[in-house]
J.: 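Okay, here's the structure, questions in a sec.
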Amino acid sequence: MTQIKQKKAAGRSVAHKNIENNQAHSAMVVPDGPQTLDVFGAREHNLKDLDIQIPKNKMVVFTGVSGSGKSSLAFDTIYNEGQRRYMESFSAYARQFMGDMERPDVDKITGLSPVISIEQKTTNKNPRSTVGTVTEVYDFLRLFYARVAEAYSYNTGKKMVKFSEEEIIADIYLRQKGQKAVILAPVVRGRKGHYRELFEEIRKKGFVKVRVDGKILDLKPEMQVDRYKIHDIEIVIDRLKIIEDMQPRLSSSIQQALKLGKDLVFVLVGEDEVLAQYSKQLVCADTGISYEEPSPNSFSFNSPYGACPQCKGLGEIYAVSRELVLPDKRLSIKKGGLAPLGEERSASVYQQVVQFCKKHKIPLDKPLDDLSEKALDLLLFGDGDALRTFDVDGQDDSIPQVYTGSYEGMIPMLKRWFSSAGSTDHLRDWVTGFMELRPCSQCEGQRLKKESLWFLIDQHNIAQLGEMDLEELNGWFTGLEKRLSKKQNIIAKDILKEIRERVRFLLDVGLTYLTLNRPSRSLSGGESQRIRLATQIGSQLQGITYVLDEPSIGLHQRDNHRLITALQHLRDIGNSVLVVEHDKDIMLASDYLVDIGPRAGLHGGEIVFAGTPHEALKAHTETAKFLSGEKAIELPYARRPGNGLFIELKGATGNNLKKVNLKLPLGKLIVVTGVSGSGKSTLINETLYPILSRHCYHSKMTPLPYKSVQGLENIDKVIEIDQSPIGRTPRSNPATYCGFFTDIRQLYAAVPEAKIRGYAPGRFSFNVKGGRCDVCEGGGMRVIEMNFLPDVYVPCEKCGGKRYNRETLEIRYKGKSISDVLDMTVDEAVEFFQAVPSLFRKIKTLQDVGLGYISLGQSAVTLSGGEAQRVKLATELAKKDTGKTFYILDEPTTGLHFSDIRQLMHVMEKLSDRGNTVLIIEHNLDVIKVADHVIDLGPEGGKGGGRILFEGTPEQMVHCKESFTAKFLEEELKTTPVRKSSGKADVVLEEDNTLQKAGKTKKAKPQLKTASKKVKKK
């Protein structure tokens, strides 16, 4: 007991130290006006007529068990009311086109300043959206390169020079002599508009022709083009033949073209109208190559003037994969060796292949392994007799495409189907199954055209800066002025200031490992949230109420102080910062802590504590017990030895991985950890999982590069549980998502009364006609349009919100209708369906992951982030494991309170006890310390990571000096008690007084056998 008291005291001393540091740091800017944000009568979702007074211009943390009502108060009440008030500032006329926000269910909110929400959603799913474009750093870089960079020739690598008019004319005579030419003066480059006035102005100057978007047209009165399309317009200055007699005329035309084209002239040469560009600005002296004067668009991969012409600025293209077309060379052509062709059949394509094989004497019934390379090449690429316009290495944009009807080769045929304008979406999706994304061969994944990549600053092009991680980029910009000329420094002064500020803000929130060209769709919720946080810090707004949803997600403990400093900076410049958070450090660093509970769902929605973190340590709430050390997630009595089998992955090199060799012991609870950006997701989600999925389910997922893998035969099932939402419509609910609503409907269809009436299971669905209410169409609610006011939702007047018609509701099982079942909580349903084993098992998993309080028919849009993830987890757990199942979870503690994590880990341990392998990617020390096997990547993020620093038990890990995780884990192991053993490794004590019963803290035994022997002696 003495040791336990000492540990509690140690925990409290750490907590007090954090609080004191925060108080010392706090230097408020307090504007005039109300000093509190007052909420009266909040009833949104499960909130119980809640009243609360929140201090303004402070950092306030909302915490509590998952589902207790934190997000309902912070987002659905405070933020939504702020947004609604902003919308109401517009006129009624404007609001009817913009739509109105629904008024949150609250009596009154006073003292509310303008609200900005920073949530967990990923920034953008568009493949063209990157970290650089989202943060606007890339926009400033484009301007920087357009005004400061020096041009070099992509042929010789020499610096471009500026030519005079005489030199341009001499070069035209040298290269184009004897050719017919059209002299053009470009006046519009890649801009929208109808240009009626421009055409009229050109006509008045005496010109009779213009070239619009590649076509030469006669100028007419009131001529115009489509104002919503992007256009290129050039004035036709002259048409002549380049011979000696025409030199004075050519000289005059070039001079006029340069004047109108602002030092740029185009020359269309010959019958093929080859376009040559000449500029007084940038020309290669050796080869005559001329660049246009650069603009910010020249460096944008989203503009036709900067994007690579082959990949259109995406950096990668779809290419037909030889391996996917020939997946199994042991098969013959007749048996389906050519996967897109399939087995022998009467289809015209198959008959073309048969005729082609007869012509080239290729056997149809021999395995492809026995065929020569020449024969395989003929099958894949054809013999050239079929007229076609395809490029083997890349996609072809030429439409229409020429094709004679004879066999053209499997790869060209698939390309034609993929790129043809007449192909259906279904056909394209099918062809995509035989293709894979590869880096563009022309720009090598850099997205820009070659001219743009030869504008350099300090011997770096803009794409190379995009590939640097933010810390390296910050270092490159440090002292850059010394490497620039005096003129460049004058131009770059203001641009550099903006770029450095934005990069510094990103570094301040712990995103040192990100690169500017990282696609925003690949960011985790926490990363995208911290990017938006950095943007808000950069805006330097004051008097704003910021609402954040768990900004610590995906952030290693080492970088937590950076995030806390960023939040405190927002507060110190005069803003209110409201944070929904479960992280211990952020709670203790706050100015005011609001604990909502006492439990989840119907049993929550109340303020159980509100005050300073110092006062919270003395409270008796569930949160306070974990903060003070009175409660803890205990260490296991013994680590599982596993089943002796392994999966071994060698030579993984995706993204920042440095030839990683990974050895996973099966039958254990494995945790993969490391600082943010060290390569965890790359190794597990993007390399290991696709390999396992292809092995178990023959999926077409493409893993990142690796050398070899062994031990796949030791598993027969892989389940990945990610953080995607379970549904975006009000009709989606836990019963439909988990799949057991189908079983419930079948159960009701088997009721004798239902059989007599001839009701099928579809009768009991609220999504199809038949049994549902025909007024609300199974929604249970009616939407009343209010024109200038938000829509009002009222229970359906016919079914009273029950979703079904009278006849369907007359069918009862154990006295309950199908609507009554949807209204049951999970706890009630477990008891109600106890006599139906298959149904009981599925619903019981929801209870096992701590969701006993939610109702079966609760709308998916009302579930919190933690609840939604556990519904998904329960769905997978309800499926029967084989004892050889491999589970992969990516940060399952997102949105979970300490007590929820404790319950989650009980479930994970039970899965491992049954012989399955559970692999968790996690930063949370409560998860790391209970693992049987820990794999730590690092030591840094980005280029400084990608190595495995340690593999072994948590107790062994603390000796790894290179690991940042080990330093924090060592402190955690010292202050955490060991779970008491009852003789079986899978027994978990769930009593609240475990610490008191344990007596003394014991070190966890590394082997299961040790624990078993001690029990036998007793």
Side-chain angles (χ1 to χ4, degrees), residues 310-312 316-438 440-441 690 693-703:
Q310 178 165 303
C311 64
K312 305 295 185 292
E316 52 190 13
I317 58 171
Y318 272 106
V320 178
S321 167
R322 187 183 178 114
E323 290 72 26
L324 294 174
V325 172
L326 307 174
D328 189 351
K329 289 187 178 180
R330 294 171 298 179
L331 301 175
S332 65
I333 296 173
K334 281 187 176 181
K335 295 293 184 183
L338 283 171
L341 192 65
E343 295 187 8
E344 186 174 9
R345 54 203 172 100
S346 60
S348 60
V349 176
Y350 191 89
Q351 295 309 313
Q352 286 177 15
V353 174
V354 171
Q355 294 303 317
F356 182 83
C357 289
K358 284 181 180 178
K359 175 183 172 182
H360 293 281
K361 297 180 180 178
I362 300 173
L364 296 169
D365 50 2
K366 269 192 176 183
L368 297 180
D369 262 337
D370 296 343
L371 300 182
S372 66
E373 279 299 315
K374 183 181 178 182
L376 288 176
D377 285 343
L378 284 169
L379 286 169
L380 293 175
F381 302 109
D383 58 4
D385 287 349
L387 295 175
R388 60 188 186 279
T389 56
F390 295 103
D391 172 19
V392 167
D393 293 324
Q395 297 180 55
D396 189 11
D397 297 320
S398 47
I399 295 174
Q401 291 151 341
V402 182
Y403 175 55
T404 62
S406 58
Y407 180 66
E408 58 191 303
M410 187 55 63
I411 287 178
M413 183 162 54
L414 289 171
K415 286 182 180 178
R416 174 166 59 84
W417 289 343
F418 182 76
S419 59
S420 173
S423 297
T424 63
D425 290 342
H426 177 74
L427 178 60
R428 281 199 188 91
D429 290 343
W430 176 77
V431 174
T432 304
F434 302 103
M435 307 180 89
E436 59 185 11
L437 279 171
R438 293 177 184 164
C440 173
S441 57
S693 183
R694 288 171 79 165
H695 167 71
C696 296
Y697 311 121
H698 305 290
S699 77
K700 293 181 179 178
M701 295 178 70
T702 304

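Model, not experiment: these values are computed from the prediction.
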J.: Which pair of heavy atoms, one from T432 and one from Y318, lies closest together, and at what distance?
T.: CG2-CE2, 3.7 Å

J.: Where do R694 and T702 come nearest, in terms of heavy atoms and distance?
T.: NH1-CA, 4.1 Å

J.: Please examine the side chains of C440 and E316, heavy atoms only from C-beta on, and report whether any two atoms are closer than 4.5 Å.
T.: no

J.: Between R322 and L376, is a side chain to side chain contact (heavy atoms under 4.5 Å, CB included) present by the stated rule, with each step listed?
T.: CA-CA 10 Å; R322 187 183 178 114; L376 288 176; 3.9 Å; yes

J.: Can you check whether I317 reaches L437 side chain to side chain, under 4.5 Å on heavy atoms?
T.: no

J.: Specify the closest pair of heavy atoms between F434 and L324, including all atoms of both residues, with the distance to one decimal.
T.: CD2-O, 3.6 Å

J.: When you compare the side chain of K335 with that of P367, does any pair of heavy atoms fall below 4.5 Å?
T.: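 No - every pair of side-chain heavy atoms lies 4.5 Å or more apart.
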
J.: Start with the C-alpha distance between L368 and I333, add both sets of side-chain angles, then the distance that settles side chain to side chain contact (heavy atoms under 4.5 Å, CB included), and finish with yes or no.
T.: CA-CA 7 Å; L368 297 180; I333 296 173; 4.0 Å; yes

J.: With a 4.5 Å cut-off on side-chain heavy atoms, are P340 and M413 touching?
T.: no

J.: So which atom in P363 and which in K366 form the shortest heavy-atom distance, rounded to 0.1 Å?
T.: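 Looking at all heavy atoms of both residues, the closest pair is CG-CD, 3.6 Å.
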
J.: In Å and rounded to the nearest 0.5 Å, what is the CD to CD distance from E323 to E436?
T.: 6.5 Å

J.: What's the shortest heavy-atom distance between A375 and I362, and which atoms?
T.: O-CD1, 4.0 Å

J.: One pair to check against side chain to side chain contact (heavy atoms under 4.5 Å, CB included): D370 and S332. What are the steps and the verdict?
T.: CA-CA 9 Å; D370 296 343; S332 65; over 6 Å; no

J.: Could you tell me if the side chain of D377 sits less than 4.5 Å from the side chain of K374, heavy atoms only?
T.: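 Contact flag for K374/D377 side chains = no.
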
J.: At their closest point, which heavy atom of P327 faces which heavy atom of G337, and how far apart are they?
T.: CD-O, 4.0 Å

J.: Does some side-chain heavy atom of V325 sit less than 4.5 Å from a side-chain heavy atom of L414?
T.: yes

J.: Nearest 0.5 Å please: distance from the CG atom of L331 over to the CG atom of D365.
T.: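 Answer for the CG-CG pair, L331 versus D365, is 13.0 Å.
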
J.: Could you check whether the rings of H360 and F356 sit parallel, tilted or perpendicular, using 30° and 60° as the cut-offs?
T.: tilted

J.: Do Y350 and K334 have side-chain heavy atoms sitting under 4.5 Å apart?
T.: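 Side chain of Y350 against side chain of K334, heavy atoms only: contact under 4.5 Å found.
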
